[in-house]
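The shown structure was predicted, so the numbers you read here are calculated from the model rather than taken from an experiment. In what follows, chains carry the letters A, B, and so on, assigned in the order in which the sequence lines appear, proteins first and then strands, with residues in each chain numbered from 1.
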Amino acid sequence: MIGLSQIVFFVLLLLSGFVIGSVAERRHRKSIIKRELQFNALPAIASRRPAEDRPYAQMLVTGSVVIGSDYFKTFLSGLINLFGGRVTPYESLIDRARREATLRMKEQASQLNASYVFNVKFETMRIAAGRVPALEVLAYGTALVATDQHA
Amino acid sequence: MLLSNLEFLPDRTVKRHLGLVQGSSVRSKHVGRDIGASLKSLFGGELKGYTELLHDSREEATQRLLEQAESLGANAVINVRYSTSSIAAGAAEIFVYGSAVELE
């Protein structure tokens, strides 16, 4: 009887992780795409030097997010681990985290009226939040604010 | 005090290098947050409590970096880098470092 109830509990966790997790993921992805389109006019680039010679002011901007995996993803990744290969559930997780962090950095930059962010660096850290892995992504860069905007 | 992750600054010259300055902060979250996060982690999604915690922690580390730079008589810290490591279950270290300089 104990074995059966354990199995039922496990299946419930898997199911709720799958249903709620995938709904949340779809919603998040949608909002990321929407905001990315909004911030298309404010690019974030990796080059170490600004692309123009106009006078400008600069400011350090950062954006960070902690995103957790769900129970179903964790279980699925465990299965994939047995056979090797691309762990797609985590790929999508880390992709969302990185894009969200970039967006938050851009939000901060847009509040400063910056025209773009350069010298962008990423920092990723695994966080042990219970049994289910979570990760933090930090994006930071230099926001360039043109000083002759009104000229 | 100017803070930047550039190695140079436009239209400014570095008068004096004052060496490496750093700031760090190790934080863990309280149990309530932990329980909330582990519930949340069943279903996935953003763990806001942790996002805030690490954000605050990063601000504190940056503050310490600035204090150190100030005590050296610097007026800017350039080439700033962030580094993060989770040193134990439930605790993370945020480390910020950069070069303290005196700008003209």
Picking from [options], which has the most non-hydrogen pairs under 4.5 angstrom with chain B?
{"options": "A:Val61, A:Val19, A:Leu93, A:Thr142", "value": "A:Thr142"}
{"options": "A:Gly141, A:Pro50, A:Ala57", "value": "A:Gly141"}
{"options": "A:Val65, A:Ile67, A:Asn119", "value": "A:Asn119"}

Salt bridge A:Arg35-A:Glu100, side-chain N to carboxylate O under 4.0 Å |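 The answer is yes: the pair qualifies as a salt bridge.
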Counting only N and O atoms by type, is there a donor-acceptor contact under 3.5 Å from the side chain of A:Tyr140 to the main-chain atoms of B:Tyr82?
->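 Judged by distance alone, yes, a pair lies under 3.5 Å.
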Test: A:Arg49 cationic atom under 6.0 Å from B:Phe8 six-membered ring centre, within 45° of axis =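 Yes, A:Arg49 lies over the aromatic ring of B:Phe8.
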At a heavy-atom separation under 4.5 Å, does A:Thr124 approach chain B through its side chain, its backbone, both, or neither?
->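 Looking at A:Thr124, nothing touches chain B.
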Engaged part of A:Gln58 at the chain B interface, taking heavy atoms whose separation is under 4.5 Å |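 For A:Gln58, the side chain is the part near chain B, not the backbone.
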From CD1 (A:Ile33) to NE2 (A:His28), nearest 0.5 Å =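 Rounded to the nearest 0.5 Å, the CD1-NE2 separation comes to 10.5 Å.
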Closest approach of B:Asn75 and B:Leu103, non-hydrogen atoms and distance?
->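 Taking B:Asn75 first and B:Leu103 second, the nearest heavy atoms are OD1-N, 2.8 Å.
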Of the listed residues (B:Leu54, B:Leu2, B:Leu3), which shares the most heavy-atom pairs with chain A below a 4.5 Å separation?
->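 Of B:Leu54, B:Leu2, B:Leu3, B:Leu54 has the most heavy-atom pairs under 4.5 Å with chain A.
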Please look at B:Arg81 and chain A and tell me whether the side chain, the backbone, both or neither of the residue comes under 4.5 angstrom of a heavy atom of that chain.
->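 Its backbone and side chain both get close to chain A.
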Same hydrophobic cluster for A:Ile20 and A:Phe18, using side-chain heavy-atom links shorter than 4.5 Å among ILVMFWY?
->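 Yes: a chain of side-chain contacts under 4.5 Å links A:Ile20 to A:Phe18.
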